[in-house]
Amino acid sequence: MSKSYKLAANDVNAWYGDFHAIKGINIALEEKAVTAFIGPSGCGKSTFLRLFNRMNDYIDGFRLEGEILLDQKNIYKKDVRVDELRKEVGMVFQKPNPFPKTIFENVVYGLRIQGVSKKKVLEETVERSLKQAALWEEVKDKLHKSALALSGGQQQRLCIARALAIEPTVLLMDEPASALDPISTTKIEDLIYELKNQYTIVIVTHNMQQAGRVSDHTAFFLSGELVEHSKTKTLFTSPKDKRTQNYITGRFG
Ligand SMILES: Nc1ncnc2c1ncn2[C@@H]1O[C@H](COP(=O)(O)OP(=O)(O)O)[C@@H](O)[C@H]1O
Ligand SMILES: [Mg+2]
């Protein structure tokens, strides 16, 4: 059986000015699976993740070589519209960043930008997205209250709902639980496990236990290089590279 790859990087190098942050990376990420990016702080996980929805485009002095493919198409080609790309590739950040608006308006934010105003469509989207983000039961009676009144963990699930509302096929998550308490973290991890039936998920985490719990595949980065990319179980039980071995046994990082 041939696997289908949703995302790929071909000979990717990236620089911040003179600093070579991403070094010759080749990788292909399986569709409807969770891939974890792990590695010590500063190894390039976030930089590499952000390439998949062109979030580095605005950084002064940032330069990219090589190809980043979504469904076999290079997303850095001239004819690619970044707003269209971002509909396909949603993103959730480390710190929950809800807008100072109601819960309802946070979820439908992307639809409003697209010009959707039909009440029924908006209401259906809110219910579907909040259910998918495992937040509906907690907020269904206060949809028109401020999102800022929610707890940190609820805010992060709201941000996930906001990302899902525009029906992406890929979800990029950069340390989505690192600012949360253990119970909220478990909720986010359970959610990721559910969502992979429908979405291709890439999660950056500095927490190896978390990578072990939520991901199907793990990629280990070091100093801007991809050291090893395998099934999560394999990477944590019989890594091929000595550097991976050292990292997972806690010898550095
Ligand atoms: N906007 C930026 N300008 C210059 N250097 C940056 C910028 N963002 C990240 N870097 C550098 O690139 C390297 C990789 O950073 P990052 O991708 O954030 O690593 P990680 O997410 O693995 O901690 C680090 O050395 C970091 O200092
Ligand atoms: Mg990072």
Side-chain angles (χ1 to χ4, degrees), residues 7-27 29 34-68 70 75-76 82 85-86 89-97 152 155-156 159-160 163 170-180 184-185 188-189 192 200-215 217-230 232 235-236 239 241 243-253:
L7 299 167
N10 291 334
D11 294 324
V12 167
N13 285 278
W15 292 263
Y16 293 107
D18 294 336
F19 178 68
H20 196 178
I22 298 295
K23 299 170 185 163
I25 292 188
N26 288 285
I27 195 170
L29 306 182
V34 180
T35 302
F37 289 173
I38 65 164
S41 181
C43 69
K45 304 180 295 295
S46 296
T47 302
F48 191 61
L49 184 78
R50 290 196 302 259
L51 291 177
F52 292 99
N53 72 344
R54 296 187 53 168
M55 285 293 278
N56 297 317
D57 285 19
Y58 312 112
I59 298 173
D60 244 13
F62 185 81
R63 190 164 64 86
L64 174 71
E65 277 178 12
E67 292 182 332
I68 298 283
L70 168 68
I75 62 170
Y76 286 83
V82 176
L85 170 70
R86 301 247 172 89
V89 184
M91 184 146 187
V92 176
F93 300 88
Q94 179 169 0
K95 265 188 70 185
N97 58 348
Q155 288 187 3
Q156 192 61 309
C159 293
I160 293 171
V170 175
L171 202 53
L172 308 176
M173 305 176 113
D174 196 349
E175 307 207 26
S178 66
L180 306 180
S184 301
T185 297
I188 300 282
E189 289 180 1
I192 291 168
T200 301
I201 298 177
V202 189
I203 177 175
V204 168
T205 175
H206 65 255
N207 178 330
M208 283 187 271
Q209 287 73 29
Q210 180 167 71
R213 287 190 296 266
V214 304
S215 72
H217 305 275
T218 296
F220 170 57
F221 295 81
L222 196 59
S223 308
E225 287 177 50
L226 173 61
V227 173
E228 186 161 348
H229 174 219
S230 323
T232 296
L235 189 132
F236 284 110
D241 195 290
R243 292 168 294 173
T244 315
Q245 172 80 32
N246 287 341
Y247 184 69
I248 63 172
T249 54
R251 266 179 271 237
F252 65 89

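Whatever order the structure lists ligands and atoms in, that order sets their numbers, starting from 1. Numbers here are sequence positions counted from 1.
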Exercise. T47 heavy atoms, cut-off 4.0 Å: which ligand 1 atoms fall inside?
Worked result: 14 (C), 15 (O), 16 (P), 17 (O)
For this session: Enter the distance from S41:OG to E175:CD here, rounded to the nearest 0.5 Å.
Result: 8.0 Å
For this session: With rounding to the nearest 0.5 Å, note down the distance linking CG in L235 to CZ in F220.
Result: 8.5 Å
For this session: Could you check atom 10 (N) of ligand 1 against the protein and tell me its nearest heavy-atom contact, residue, atom and distance included?
Result: Y16 CE1, 3.3 Å
For this session: Look at atom 26 (C) of ligand 1 and say which protein heavy atom is nearest, naming residue and atom and giving the distance to 0.1 Å.
Result: F19 CE2, 4.7 Å
Exercise. Taking all atoms of both residues into account, what is the closest heavy-atom pair of I192 and I203, and its distance?
Worked result: CD1-CD1, 3.7 Å
For this session: Measure up the F52 and F37 rings against each other and bin them: parallel (under 30°), tilted (30 to 60°), perpendicular (over 60°).
Result: tilted
Seminar exercise, completed: Of all protein heavy atoms, the one nearest atom 19 (O) of ligand 1 is G44 N, 3.2 Å
Exercise. Taking both backbone and side-chain atoms of I59, is any N or O found less than 3.5 Å from an N or O belonging to ligand 1?
Worked result: no
For this session: Starting at CG of N26, measure out to CG of N10 and round the result to the nearest 0.5 Å.
Result: 6.0 Å
Exercise. Going by heavy atoms, is G42 under 4.0 Å from ligand 1?
Worked result: yes
Exercise. Between Y58 and F62, is the gap from one ring center to the other below 6.0 Å?
Worked result: no
Problem set entry | Contact flag S46/the Mg ion (ligand 2), N/O/S atoms, threshold under 2.8 Å | yes
Exercise. Protein heavy-atom contact under 4.0 Å for atom 14 (C) of ligand 1?
Worked result: yes
For this session: Using a strict 4.0 Å cut-off to heavy atoms of S41, name the atoms of ligand 1 that fall inside it.
Result: 23 (O)
Problem set entry | Pairing of K23 and E225 as salt bridge, 4.0 angstrom limit | no
Seminar exercise, completed: Nearest non-hydrogen protein atom to atom 18 (O) of ligand 1, with distance, is S46 CB, 3.8 Å
